[in-house]
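As the structure is a computational prediction, the values presented were derived from the model and not from experiment. Values below: every heavy atom of this structure, side chains too, minus hydrogens, waters and symmetry copies.
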Amino acid sequence: MLRLSCAAQNYDWGRKADASEVAQLAKANGNAIDESKPFAELWMGAHPNCPSKLMSTGESLQACLDKYPQLLGDQVVQNFGKQLPYLFKVLSVAKALSIQSHPDKALAERLHNEHPKLYADPNHKPEMALALSDFEALCGFASTAELQARVEERLKRVPELAELVSQPHVEALLALPATAEDDATLAAAKHALKAAFTAVMTASQDAVTAAVRALVARLKALPATELSEHEALALRLNDQFPDDVGLMSAFFLNLVRLPNGHAIYLPANEPHAYLAGELVECMAASDNVIRAGLTPKFKHADVLCESLTYRQGLPDVLTGSPAGIGITVYQPPFEEFEIHSIDCGTETTGFKLALPASEGPRILLVQSGEAEAAVSGHLPDALEAVPELERAVVLRRGVIVLLAPGVGLSLVHAKDLVIWVAAVNSTFFRLHDARQAANVTEAPAAEALV
């Protein structure tokens, strides 16, 4: 095990220190906390924008991985190089994050080459958000039927959105079948949605300001009980980001609310904005964000609108699958990562939990409780050459460790223990093994042809 020192990010949308899980975990991890700043994200990983360090030496995690790639495992190094394939975070969200998407690999490479200061790396950034409290987000485009209902309602009650969209685009949306049953209908829906959304997101600031102010004035004149959930959200967003186009874009998107222990995952090129709550988040090792609204930062609206998939419907919600006593696994369809939760309950004396070895590196974050953790059995021979590794650690709130491949843990004397774990997706290893087996069987056949 490598104990890690991990830093927090103080973005404007974060929570005040005394109400922020990020701040409290960062403090428990050994960081000094400036109570005057909002605390938004705790980063756990090797990304250069906020790299974790070894608690024992102060060396960056990436420098350690460069020296000792066995901490990643052969299969990870072969596929991802000498870097951790994921970035693990805790988020404390007090107000909306930007209307954003994350690029696929091809777009990330292009944006990194063209705008290296805005897009710091050439990697894609699929991600998963897992609620630690009641969590609220805008995520993906609403279905055609839902959009049509919203458009018709806004035309009757608040025409400002339709003015930004423009009448031809409104009519194109309303003319679509409520459900798409063939490729041609899906293509027509995508075209109409893209045209309407792009018209809003690329409208002039003067047009946006006029539309937003008229919309807000009209909504404030209505009783709160008569507002739809998107109208009530529009007023909240205007308080946070006055005259911002993101307020209008929200009417195109699904409003998703998740309770503790539920997760959503987001592929590349899908629009979203986290609105409120505490969560753990895991993603491919990237910090690339294409923003278009609800932010004072640079907006790349044309790139965002052009790159979106315009897939419609509610996102899949993961509730986790049991993987042993006290262990739950949340597995998205991305090879870089998955998240495990470990909850030992309130057991104390005599309680033991075995955490099996994995083929890839894992990062463990202790959210609460305590336990004694020790390596099960002998270290793999390759790890004996890493002097920084510890064989036993006392786990308590704020402790963060990197667990190397091939290393299992025995947890004893656990009390109220809750741990979140980032791991390489187990599907990656199964597919890797299958590819290796296929290569082995193909080789003799190829030799027979010579």
Side-chain angles (χ1 to χ4, degrees), residues 6-7 9 11 40-41 43-53 60-69 71-89 91 97-129 265-274 281-292 295 297-311 332-339 360-361 363 402 422-425 427-429 431-432 435:
C6 302
Q9 302 276 39
Y11 304 139
E41 297 184 348
W43 285 39
M44 297 164 282
H47 195 280
N49 282 7
C50 189
S52 299
K53 299 178 181 179
S60 75
L61 176 57
Q62 186 57 58
C64 186
L65 297 176
D66 288 337
K67 287 193 301 183
Y68 305 113
L71 292 170
L72 296 167
D74 291 342
Q75 296 179 44
V76 170
V77 172
Q78 288 173 21
N79 198 73
F80 301 105
K82 294 182 182 180
Q83 61 181 7
L84 202 63
Y86 54 78
L87 176 60
F88 197 26
K89 297 182 182 181
L91 274 64
L97 280 68
S98 57
I99 298 289
Q100 62 183 254
S101 68
H102 305 300
D104 58 31
K105 285 189 176 182
L107 180 58
E109 290 173 359
R110 178 170 71 83
L111 292 174
H112 177 63
N113 287 333
E114 295 175 354
H115 309 283
K117 293 184 178 180
L118 296 173
Y119 303 97
D121 60 75
N123 200 14
H124 68 164
K125 191 188 174 188
E127 65 186 27
M128 178 166 63
Y265 61 84
L266 296 160
N269 302 325
E270 297 294 341
H272 60 281
Y274 298 159
E281 186 182 38
C282 201
M283 63 207 68
S286 173
D287 195 31
N288 286 325
V289 182
I290 306 172
R291 300 178 179 88
T295 180
K297 296 181 179 180
F298 175 74
K299 299 176 184 178
H300 222 162
D302 57 336
V303 171
L304 179 136
C305 291
E306 183 59 34
S307 62
L308 296 178
T309 67
Y310 294 95
R311 185 182 296 113
F334 314 126
E335 64 179 6
E336 287 91 349
F337 62 88
E338 62 188 28
I339 294 176
I363 290 180
L402 178 79
V424 179
N425 196 310
T427 303
F428 163 76
F429 297 108
L431 291 174
H432 184 277
R435 287 192 292 265

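The backbone N or O of Cys305 lies less than 3.5 Å from a partner atom in the side chain of Tyr310, making a donor-acceptor pair. Judged purely by atom type and a 3.5 angstrom limit, Asn123 has no side-chain atom pairing as donor or acceptor with the backbone of Ala108. In terms of modelled atom types and a separation under 3.5 Å, the side chain of His102 and the main chain of Asn288 share a donor-acceptor contact. Side-chain N or O atoms of Ser52 include one that pairs as donor or acceptor with a backbone N or O of Gly45 at under 3.5 Å. At distances below 3.5 Å, not a single donor-acceptor pair connects side-chain atoms of Ser98 with backbone N or O atoms of Gln100.
In this structure, the side chains of His300 and His115 come closer than 4.5 Å at one or more pairs of heavy atoms. By the 4.5 Å heavy-atom criterion applied to side chains, Gln75 and Val424 are not counted as neighbours. Counting heavy atoms from C-beta on, the side chains of Met128 and Leu266 never come closer than 4.5 Å. Proximity of Phe298 to Lys117: side-chain heavy atoms (C-beta onward) are nowhere separated by under 4.5 Å.
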Please list every donor-acceptor pair under 3.5 Å in which a side-chain atom of residues 60-69 meets a protein atom from a residue at least two apart or in another chain.
unit_1	atom_1	unit_2	atom_2	d
Ser60	OG	Ala63	N	3.0
Gln62	NE2	Asp66	OD1	2.9
Gln62	NE2	Lys82	O	2.7
Lys67	NZ	Glu59	OE2	3.2

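A cation-pi arrangement is present between Lys297 and Tyr11 under the rule of less than 6.0 angstrom and at most 45 degrees off the ring axis.
Relative ring orientation between Tyr274 and His272 is described as tilted, the plane-to-plane angle lying within the 30° to 60° band. The aromatic rings of Phe334 and Phe337 sit tilted, their planes meeting at an angle between 30° and 60°.
With sequence neighbours left out, the side-chain contact (heavy atoms from CB on, under 4.5 Å) criterion links Ala423 to Glu338, His340, Arg362. Not counting sequence neighbours, the partners of Asn49 by the side-chain hydrogen bond (donor to acceptor under 3.5 Å, both in side chains) test are Asp287.
Between the side chains of Asp121 and Ser286, at least one donor N or O lies within less than 3.5 Å of an accepting N or O.
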